[in-house]
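Working notes, structure below.
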Amino acid sequence: MKSRFAPSPTGYLHIGGARTALFAWAWARKQQGQFVLRIEDTDRERSTQASVDAILDGMNWLGLAHDEGPFYQTDRFDRYKEIIQQLLNEDKAYYCECSKERLQILRDELTEKGEKAKYDGCCRDKNLSSGVVRFKNPLEGVVAFNDAVKGKISIANKELDDLIIARTDGTPTYNLTVVVDDYDMEIDTVIRGDDHINNTPRQINLYQALNWRLPEFAHLPMILGSDGARLSKRHGAVSVMAYRDEGFLPEALLNYLVRLGWSHGDQEIFTLAEIVELFELKNINKAPASFNQEKLIWLNQEYIKSADVEHLIKNLAWHLDHQQIDTSTGPALELVVEHLQERSKTLVEMAEGMKMFYQDFDEFNEKLAKKQFKDSQSIQLLMTKLNSLDDWVASNIKDQIKQVCEELDIGFGKIGQPFRLALSGNGNAGNIDIVAQLVGKDRTLARLQMALDYISQRSD
RNA sequence: GUCGCGUUCGUCUAGUCCGGCCCAGGACCCCAGGAUUUCAUCCUGGUAACAAGAGUUCAAAUCUCUUACGCGACGCCA
């Protein structure tokens with residue numbers, strides 16, 4: 001069994017494409033079959049190597065490995081030509097010399113009359129020998145197929161026209177290449193977006209003209225933006241790699257994507273292995289789904305919370321580099337990541353939260369400092385106590401804080417809050433004793449001194 | 001416009017094939033409590049939907065028809 005993902009390289013890998021790829025990949029894996037990657041680059045005007053690279057990068061980051069390919073349609077022009085010639089020889093296709101202008105006028109006229117704009121078959125019987133090549137679509141009858149997600153679909157042949165299968169320059173067009181490739185590559189299940197659903201009857205006619213067996217079709221509903229319109233740039237990030245940049249874990253994105261239009265009862269969280277094991281085409285929804293960033297964030301957080309520290313560190317590398325955080329000196333990365341795991345929605349957040357352990361800062365958050373840094377006595381006392389601490393571990397630090405509370409007869413928060421701010425600069429810190437331990441003795445004392453300086457400066 | 005496809009809480013969805021167990025369940029978001037050294041996490045609870053109408057039936061979210069709305073296709077793009 002084989003399925004495929006066949007993007008055209010006219011841009012980066014976007015969310016919709018990624019989900020299509022995921023479904024095709026999951027189905028192949030589930031069947032213990034092969035997953036084929038094919039680059040549909042017949043449109044040479046718009047296809048770019050940069051896009052090919054971007055798609056490959058995206059697939060790679062997601063971890064959707066292909067078993068065959070990537071195949072490039074531009075490498076297969078001889079094969080397409082052969083098929084086009086065969087169709088011409090068998091009188092199943094013909095040359096057409098209608099100009100683009102004539103076609104445009106024809107379309108305008110038909111649209112005006114309220115009819116479907118389709119080619120009128122003008123050159124069908126002219127026996128021409130140059131121009132574009134058109135496929136002789138059957139005039140009568142109905143094309144019907146059973147879509148694995150949409151169910152029975154049928155359309156009358158008279159709704160279809162004679163589609164162009166080769167351009168004036170001889171290059172083949174999509175509807176021809178996709179049929180030839182899916183046949184040659186022995187694709188059993190064609191999984192693609194339902195924007196292709198209207199092409200399917202034309203392709204089926206092509207299969208039949210060629211006497212080829214039909215694959216199964218599974219048309220996935222589109223992904224919509226929050227406003228119900230087709231997902232596009234104005235809805236925010238649509239590129240898969242933008243989600244890496246924003247701090248998402250690939251498996252979280254995959255989990256989110258698989259639940260967009262597919263479900264297995266009430267289960268929300270799926271490991272990759274579970275997706276493969278449980279995936280069924282029949283559980284795919286017919287209706288389009290809206291992309292909801294909040295749920296993605298929730299999932300991401302769930303994944304971060306339960307991930308292996310090592311795994312997080314691996315995925316964090318890009319962010320540390322990007323945010324220019326040098327972790328070569330300072331506390332062990334593992335400990336910091338572990339501490340941040342429960343409090344980071346994204347890897348970007350986590351990296352930001354790491355800064356206080358590896359970088360010094362010049363000033364405190366002004367608003368918080370004004371509120372928290374008032375009493376120098378308690379800070380002074382805390383400093384003295386911490387300074388004399390030999391074994392710099394969280395439990396001892398905690399004891400010292402408690403002692404300060406007792407001696408001064410104040411609540412934990414009274415000293416805890418200023419301490420927290422002193423350590424972090426912005427108040428974003430978790431367990432104060434652990435944070436202090438990780439920040440280290442020297443830096444902790446230096447920052448408390450900074451707080452003291454701040455207080456004396458203000459009172460001047 | 002024509003053709004195709006679709007329509008369950010704000011969002012993702014379960015249930016629809018084989019009508020009753022559904023005055024519709026789960027999750028995100030939101031709200032209220034609780035726990036906690038801030039935040040976060042965690043726990044408990046709550047709000048909220050079968051697009052509309054007609055029909056079949058003892059019984060319809062589930063079957064049939066009509067309407068509305070949405071999306072897609074209608075390219076020498078894919």
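In what follows, every chain begins at residue 1, and chains take the letters A, B, ... in the order their sequences are listed.
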Please state the P separation for the pair B/A59 and B/C21 - nearest whole angstrom.
-> 14 Å
The residue, A/G265 or A/N175, whose nearest nucleotide of RNA chain B is more 5′ is A/G265
Note: A/D147-A/K286 ion pair, threshold 4.0 Å (strictly below) = no
Rounded interatomic separation in angstrom, taking CG from A/N283 and P from B/U16 = 11 Å
Looking across every strand, which nucleic acid part, if any, lies under 4.0 Å from A/T177 by heavy atom: base, sugar-phosphate, or nothing?
-> nothing
Map A/K398 and A/R134 onto RNA chain B by nearest heavy atom, then report which one ends up closer to the 5' terminus.
-> A/K398
Residue-phosphate contact under 4.0 Å: A/R167 side-chain N/O, B/A78 OP1/OP2 | yes
Nearest-angstrom distance, C1' atom, B/C65 to B/A27 | 35 Å
Distance, C1' atom - from B/C42 to B/G20, rounded to whole angstrom = 40 Å
Nearest-Å distance for atom pair NZ/C1', residues A/K282 and B/U16 = 13 Å
Quick one: label A/C98 by what it contacts on the DNA or RNA (base, sugar-phosphate, nothing), any heavy atom closer than 4.0 Å.
-> base
Short side-chain N/O contact from A/S290 to OP1 or OP2 of B/U11, under 4.0 Å = no
Roughly how far apart, to the nearest Å, are B/U56 and B/C63 at atom C1'?
-> 8 Å
Looking at every strand, decide which applies to A/K113 at a 4.0 Å heavy-atom threshold: base, sugar-phosphate, or nothing.
-> nothing
P atoms of B/U38 and B/U16, separation to the nearest Å = 47 Å
What's the closest nucleotide to the A/D266 side chain, out of B/A27, B/G4, B/G25?
-> B/G25
Out of B/U13, B/U37, B/C42, minimum distance to the side chain of A/R420 belongs to B/U37
Between A/H196 and A/Y174, is a side chain to side chain donor-acceptor pair (under 3.5 Å) present by the stated rule, with each step listed?
-> CA-CA 11 Å; A/H196 284 296; A/Y174 168 72; 3.1 Å; yes
Of all heavy-atom pairs linking A/N146 and A/K152, the shortest is OD1-N, 3.5 Å
When the P atoms of B/C43 and B/A61 are considered, how many whole Å apart are they?
-> 34 Å
Heteroatom pairs (N/O) under 3.5 angstrom, protein to nucleotides 67-75 of chain B:
| unit_1 | atom_1 | unit_2 | atom_2 | d |
| --- | --- | --- | --- | --- |
| B/G72 | N2 | A/N198 | OD1 | 3.4 |
| B/A73 | O4' | A/N198 | ND2 | 3.0 |
| B/C74 | O2' | A/A117 | O | 2.3 |
| B/G75 | OP2 | A/R107 | NH1 | 3.2 |

When you compare B/C50 with B/C9, how far apart are their C1' atoms, in angstrom units rounded to a whole number?
-> 10 Å
So, are A/D184 and A/R76 salt-bridged, with charged N and O less than 4.0 Å apart?
-> yes
Counting any heavy atom closer than 4.0 Å, what does A/T42 reach on the DNA or RNA strands: base, sugar-phosphate only, or nothing?
-> sugar-phosphate
Of all the choices, B/A14, B/C3, B/C29, which nucleotide is nearest to the side chain of A/E159 once you look at every atom?
-> B/C3
Identify whether any heavy atom of A/I432 sits under 4.0 Å from a base atom; if not, whether one sits that close to sugar-phosphate; answer base, sugar-phosphate or nothing.
-> base
Donor-acceptor pair (no angle test) under 3.5 Å: A/T173 side chain, B/C76 base | no
Closest to the side chain of A/A289, out of B/G6, B/U41, B/U13, is B/U13
Quick one: A/Q293 CD to B/A27 P, roughly how many Å, whole number?
-> 22 Å
Counting just side-chain N and O atoms, does A/N431 come under 4.0 Å of either OP1 or OP2 of B/A40?
-> no
Atom CD of A/E40 and atom P of B/A78 are separated, to the nearest Å, by 9 Å
Check: A/Q341 and A/M350 side chains under 4.5 Å, non-hydrogen atoms | yes
Starting at CH2 of A/W298 and ending at P of B/U11, how long is that distance when rounded to a whole Å?
-> 18 Å
Would you mind classifying the nucleic acid contact of A/Q301 as base, sugar-phosphate or nothing, using non-hydrogen atoms under 4.0 angstrom?
-> sugar-phosphate
So, does the side chain of A/K150 form a donor-acceptor pair with the base of B/C5 at under 3.5 Å?
-> no
Hunt down the Watson-Crick or G-U wobble partner of B/U2, both distances under 3.5 Å, from any strand shown, or write none.
-> B/A73
A/I304 CD1 to B/C42 P, in whole Å, measures 13 Å
May I ask you to say what A/G430 touches in the nucleic acid, namely base, sugar-phosphate or nothing, with a heavy-atom cut-off under 4.0 Å?
-> base
Pick the P atom in B/G15 and in B/A32, then give their distance to the nearest Å.
-> 34 Å
Using a strict 4.0 Å threshold on nitrogen-to-oxygen distance, state whether A/K355 and A/E352 make a salt bridge.
-> no
Do we see a donor-acceptor contact under 3.5 Å between the side chains of A/H339 and A/Q437?
-> no
Can you find a side chain N or O atom of A/K305 that sits less than 4.0 Å from OP1 or OP2 on B/C42?
-> yes
At under 4.0 Å between heavy atoms, what does A/G261 touch on the DNA or RNA strands: base, sugar-phosphate, or nothing?
-> sugar-phosphate
Without hydrogens or angle criteria, can the side chains of A/Q73 and A/D41 be said to hold a donor-acceptor pair below 3.5 Å?
-> no
Can you check whether any acceptor in the base of B/G26 is under 3.5 Å from a donor in the side chain of A/E268, or vice versa?
-> yes
Basic-acidic side-chain contact under 4.0 Å: A/R38, A/D182 = yes
Out of B/C3, B/C28, B/A14, which has the shortest distance to the side chain of A/N285?
-> B/A14
Salt bridge (Lys or Arg N to Asp or Glu O under 4.0 Å) with A/D162: which of A/K136, A/R202, A/R124?
-> A/R124
